[in-house]
Trainee: 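Have a look at the structure that comes next, please.
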Amino acid sequence: QVQLVESGGGLVQAGGSLRLSCAASGSIFSINAMGWYRQAPGKQRELVARIRSGGSPNYADSVKGRFTISRDGAKNTVYLQMNSLKPEDTAVYYCNADVTYYSGGYKMDNYWGQGTQVTVSS
């Protein structure tokens, strides 16, 4: 019922910037929280940044001061501005959302995007 589509990944040199976008679509009643996670080869998926409706964002310590998460509620879209990128930021970045939708009644579920590759060269 809900799809998340990410964009904006790519290859960048260390110190550079990228902006990721994630648009949610489908039978959405409300989005309670959206966030970004990442998974590097051989490592577990980890939280990068997350923002709840009406709440303050929270960040992984490793990205504080470099990454900024923001939301456009009207577009059901979340962004991740990544500055001062480091080689250790290389990973597949996944969008995640807690969504309330209508399907014979109001239901809540958690959704993942397909992921977008971010590669930072040294």
Trainee: Identify the heavy atoms of Pro57 and Ile69 that sit nearest to each other, and give their distance.
Mentor: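 Of all heavy-atom pairs spanning Pro57 and Ile69, the closest is CB-CG2, 3.4 Å.
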Trainee: To check you understand the geometry: which heavy-atom pair defines the closest contact between Glu6 and Gly115, and what is its length?
Mentor: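 The answer is OE1-N, 2.7 Å.
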Trainee: Report the residues that fulfil side-chain contact (heavy atoms from CB on, under 4.5 Å) with Ala23, sequence neighbours left out, ordered by chain and then residue number.
Mentor: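 Partners of Ala23 under the side-chain contact (heavy atoms from CB on, under 4.5 Å) test: Thr77.
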Trainee: Please confirm whether the backbone N or O of Gly26 pairs with a side-chain atom of Gln1, one donor and one acceptor, at under 3.5 Å?
Mentor: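 Not confirmed, Gln1 side chain does not pair with Gly26 backbone.
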Trainee: Phe29: which residues meet the side-chain contact (heavy atoms from CB on, under 4.5 Å) condition with it, sequence neighbours left out?
Mentor: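 Partners of Phe29 by the side-chain contact (heavy atoms from CB on, under 4.5 Å) criterion, ordered by chain and then number, come out as Thr100, Tyr106.
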Trainee: Which pairs pass ring pair (Phe, Tyr, Trp, His ring centres under 6.0 Å) with one or both residues in residues 37-57, sequence neighbours excluded?
Mentor: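 Found Tyr37-Trp112.
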Trainee: Return the set of residues passing side-chain hydrogen bond (donor to acceptor under 3.5 Å, both in side chains) with Lys43 (not counting sequence neighbours), or none when no residue passes.
Mentor: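 Not a single residue meets the side-chain hydrogen bond (donor to acceptor under 3.5 Å, both in side chains) criterion with Lys43.
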Trainee: With Ser25, which residues qualify under side-chain contact (heavy atoms from CB on, under 4.5 Å), at least two apart?
Mentor: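 Scan of Ser25 (side-chain contact (heavy atoms from CB on, under 4.5 Å), adjacent residues dropped) gives Gln3.
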Trainee: Could you list the donor-acceptor pairs under 3.5 angstrom formed by side chains in residues 80-90, with sequence neighbours left out?
Mentor:
from: Gln81; atom 1: NE2; to: Asn83; atom 2: OD1; distance (Å): 2.9
from: Asn83; atom 1: OD1; to: Ser17; atom 2: OG; distance (Å): 2.9
from: Asp89; atom 1: OD1; to: Arg38; atom 2: NH1; distance (Å): 2.9
from: Asp89; atom 1: OD1; to: Arg66; atom 2: NH2; distance (Å): 3.0
from: Asp89; atom 1: OD2; to: Arg66; atom 2: NH1; distance (Å): 2.8
from: Asp89; atom 1: OD2; to: Arg66; atom 2: NH2; distance (Å): 3.4
from: Asp89; atom 1: OD2; to: Lys86; atom 2: N; distance (Å): 2.8
from: Thr90; atom 1: OG1; to: Pro87; atom 2: O; distance (Å): 2.9
from: Thr90; atom 1: OG1; to: Val120; atom 2: N; distance (Å): 2.9
from: Thr90; atom 1: OG1; to: Val120; atom 2: O; distance (Å): 3.4

Trainee: For residues 61-112, which residue pairs pass the disulfide (SG to SG under 2.5 Å) check, not counting sequence neighbours?
Mentor: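 Counting only pairs at least two positions apart or across chains, the disulfide (SG to SG under 2.5 Å) contacts touching residues 61-112 are Cys22-Cys95.
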Trainee: How would you list all residue pairs meeting salt bridge (charged side-chain N to carboxylate O under 4.0 Å, His left out) that involve residues 104-122, not counting sequence neighbours?
Mentor: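 Listed once each, the pairs would be none.
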Trainee: Ring pair (Phe, Tyr, Trp, His ring centres under 6.0 Å): which pairs involve residues 42-96, sequence neighbours left out?
Mentor: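 Pairs touching residues 42-96 that pass the test: none.
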Trainee: Heavy atoms only: give me the nearest Gln117-Ala91 pair and the separation to one decimal.
Mentor: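 Looking at all heavy atoms of both residues, the shortest contact is NE2-O, 3.4 Å.
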Trainee: Residues two or more places apart in sequence or in another chain: which of them pass side-chain hydrogen bond (donor to acceptor under 3.5 Å, both in side chains) with Ser7?
Mentor: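 Expected list: none.
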Trainee: Which atom pairs, one a donor and one an acceptor, fall under 3.5 Å between side chains of residues 47-54 and the rest of the protein, sequence neighbours left out?
Mentor:
from: Arg50; atom 1: NH1; to: Asn96; atom 2: OD1; distance (Å): 3.0
from: Arg50; atom 1: NH2; to: Asp98; atom 2: OD2; distance (Å): 2.5
from: Ser53; atom 1: OG; to: Ile31; atom 2: O; distance (Å): 2.7
from: Ser53; atom 1: OG; to: Arg71; atom 2: NH1; distance (Å): 3.1

Trainee: Would Val92 end up clustered with Val63 when hydrophobic side chains under 4.5 Å apart are linked, directly or stepwise?
Mentor: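 Cluster IDs for Val92 and Val63 differ.
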Trainee: Can Val99 and Leu4 be said to form a side-chain contact (heavy atoms from CB on, under 4.5 Å), step by step?
Mentor: CA-CA 11 Å; Val99 178; Leu4 302 179; 5.5 Å; no
Trainee: To the closest 0.5 Å, what do you measure between OG1 (Thr116) and CD (Gln114)?
Mentor: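 Separation between the atoms: 7.0 Å.
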